[in-house]
Amino acid sequence: MKQALLIGPIFDKWHIDHLAHLVASEGYVHIIAVDGGAEACRLAQVIPTLYVGDKDSISDEALAYIELMQVERVELQRQKDVSDFSSALTWLGERDVRSIETLGFVGGRLDHQLAVLGEMLHQQIDGIFYDEKQTLWTATQRGRLPKKVVVSKAEYANFSVFALIAPACVSVDGAVWPLEKCVLRPCVSLGLSNEFAPKAFDARVLVHEGGALVIANKELSE
């Protein structure tokens with residue numbers, strides 16, 4: 001059983017179907033609806049274990065669903081210094097959860113996405129962000145061994161590796177442009193749009209120091 005699934009406010013039919021599939025097939029200790037993510041839970045008929053939010057994006061129907069299912073709630077003030085997502089991470093951190101999966105946080109406002117990804121790397125939480133067109137990983141080296149992310153050639157067309165909030169030392173193999181303990185500075189293009197080596201089944205990203213963001217695209221850009 002996996003540790004935690006966080007559900008955000010960006011959803012369509014793909015997200016609803018994928019949410020139902022994840023919950024049915026994977027199993028999670030914690031399923032957290034982050035504010036408007038409660039609507040996705042309602043539509044997918046998923047009962048979260050926790051609702052976290054300031055209720056600025058939750059619908060009346062979703063709120064009624066949360067109340068009907070007697071979901072535990074952490075209700076926040078709208079005027080606050082941290083986001084609903086950050087508050088959910090804090091709740092998980094108090095329970096020593098350091099690895100999560102998310103759905104419904106990719107594809108919306110860029111400022112929100114930067115805050116979400118930055119919080120993950122700042123709090124050194126490893127995560128997977130699912131979306132219809134791409135998958136994102138946040139990976140932080142915390143122990144003696146490097147943190148590894150494996151990107152499947154069968155599932156993805158290409159991938160990128162970035163440092164986001166501080167320099168990161170990474171290696172990449174199984175790719176057309178490999179890297180060997182290369183220090184990436186935040187938001188530079190060195191790790192942008194890498195491709196799989198012709199004979200490789202997958203590519204592997206190793207984070208030796210710091211934290212990195214890996215983005216794998218399911219389709220080639222036009």
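Side chains included, hydrogens not; waters and symmetry mates left out as well; all remaining heavy atoms used.
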Item to check | Ion pair Asp131/Lys133, N-O distance below 4.0 Å | outcome: no
Side-chain donor/acceptor pairs under 3.5 Å, residues 180-191, sequence neighbours excluded:
none

Checklist entry - If you measure from the Lys or Arg side-chain nitrogens to the Asp or Glu carboxylate oxygens, is any gap between Arg98 and Asp96 under 4.0 Å? => result no
Item to check | Which atom of Ala62 lies closest to which atom of Glu39, heavy atoms considered | outcome: CB-OE1, 3.3 Å
Next on the checklist: I want to check something: taking the side chain as every heavy atom from C-beta on, are Glu132 and Asp12 in contact at a cut-off of under 4.5 Å?
Outcome noted: yes
Next on the checklist: Quick check: closest heavy atoms across Val46 and Tyr65, and the distance to 0.1 Å?
Outcome noted: O-OH, 3.1 Å
Checklist entry - After noting the C-alpha distance and the side-chain angles of Leu103 and Ile10, does the key distance pass the side-chain contact (heavy atoms from CB on, under 4.5 Å) rule? => result CA-CA 8 Å; Leu103 188 67; Ile10 305 168; over 6 Å; no
Checklist entry - What closest approach, in Å, do Ala38 and Ile58 show between heavy atoms, and which atom pair accounts for it? => result CB-CD1, 3.7 Å
Next on the checklist: Apply side-chain contact (heavy atoms from CB on, under 4.5 Å) to residues His208 and Leu206 and explain how you reach the verdict.
Outcome noted: CA-CA 6 Å; His208 303 282; Leu206 298 178; 4.0 Å; yes
Next on the checklist: Determine whether a donor-acceptor pair (N or O, by modelled atom type, separation under 3.5 Å) exists between the side chain of Thr49 and the backbone of Ile31.
Outcome noted: yes
Checklist entry - Can you list the steps and then say if Leu5 with Ile100 is a side-chain contact (heavy atoms from CB on, under 4.5 Å)? => result CA-CA 6 Å; Leu5 175 67; Ile100 70 172; over 6 Å; no
Next on the checklist: Using a 3.5 Å distance criterion without hydrogens, assess whether the side chain of Arg142 forms a donor-acceptor pair with backbone atoms of Gln124.
Outcome noted: yes
Item to check | Neighbour count above 12 (heavy atom, 6.0 Å) for Lys80 NZ | outcome: yes
Next on the checklist: Measuring centre to centre across the rings, with the benzene-like ring taken for any Trp, is Phe196 within less than 6.0 Å of Phe159?
Outcome noted: yes
Next on the checklist: Give me the atom names and distance for the closest heavy-atom approach of Gln45 to Arg42.
Outcome noted: NE2-O, 2.7 Å
Item to check | Short side-chain donor-acceptor distance under 3.5 Å, Ser57 and Asp35 | outcome: yes
Checklist outcome for this item: Tightest non-hydrogen contact, residues Arg78 and Asp54, listed as NE-O, 3.3 Å
Next on the checklist: Quick check: closest heavy atoms across Ala212 and Val170, and the distance to 0.1 Å?
Outcome noted: CB-CG1, 4.1 Å
Next on the checklist: Whether the Tyr28 and Glu101 side chains hold a donor-acceptor pair (N or O, under 3.5 Å, no angle test) is what I'd like checked.
Outcome noted: yes
Next on the checklist: Under a plain distance cut-off of 3.5 Å, with no hydrogens placed, do Thr102 and Tyr130 share a side-chain donor-acceptor pair?
Outcome noted: no
Item to check | Pairs touching residues 69-119 that satisfy ring-ring contact (aromatic ring centres under 6.0 Å, His included), sequence neighbours left out | outcome: His30-Trp91, Phe85-Phe105
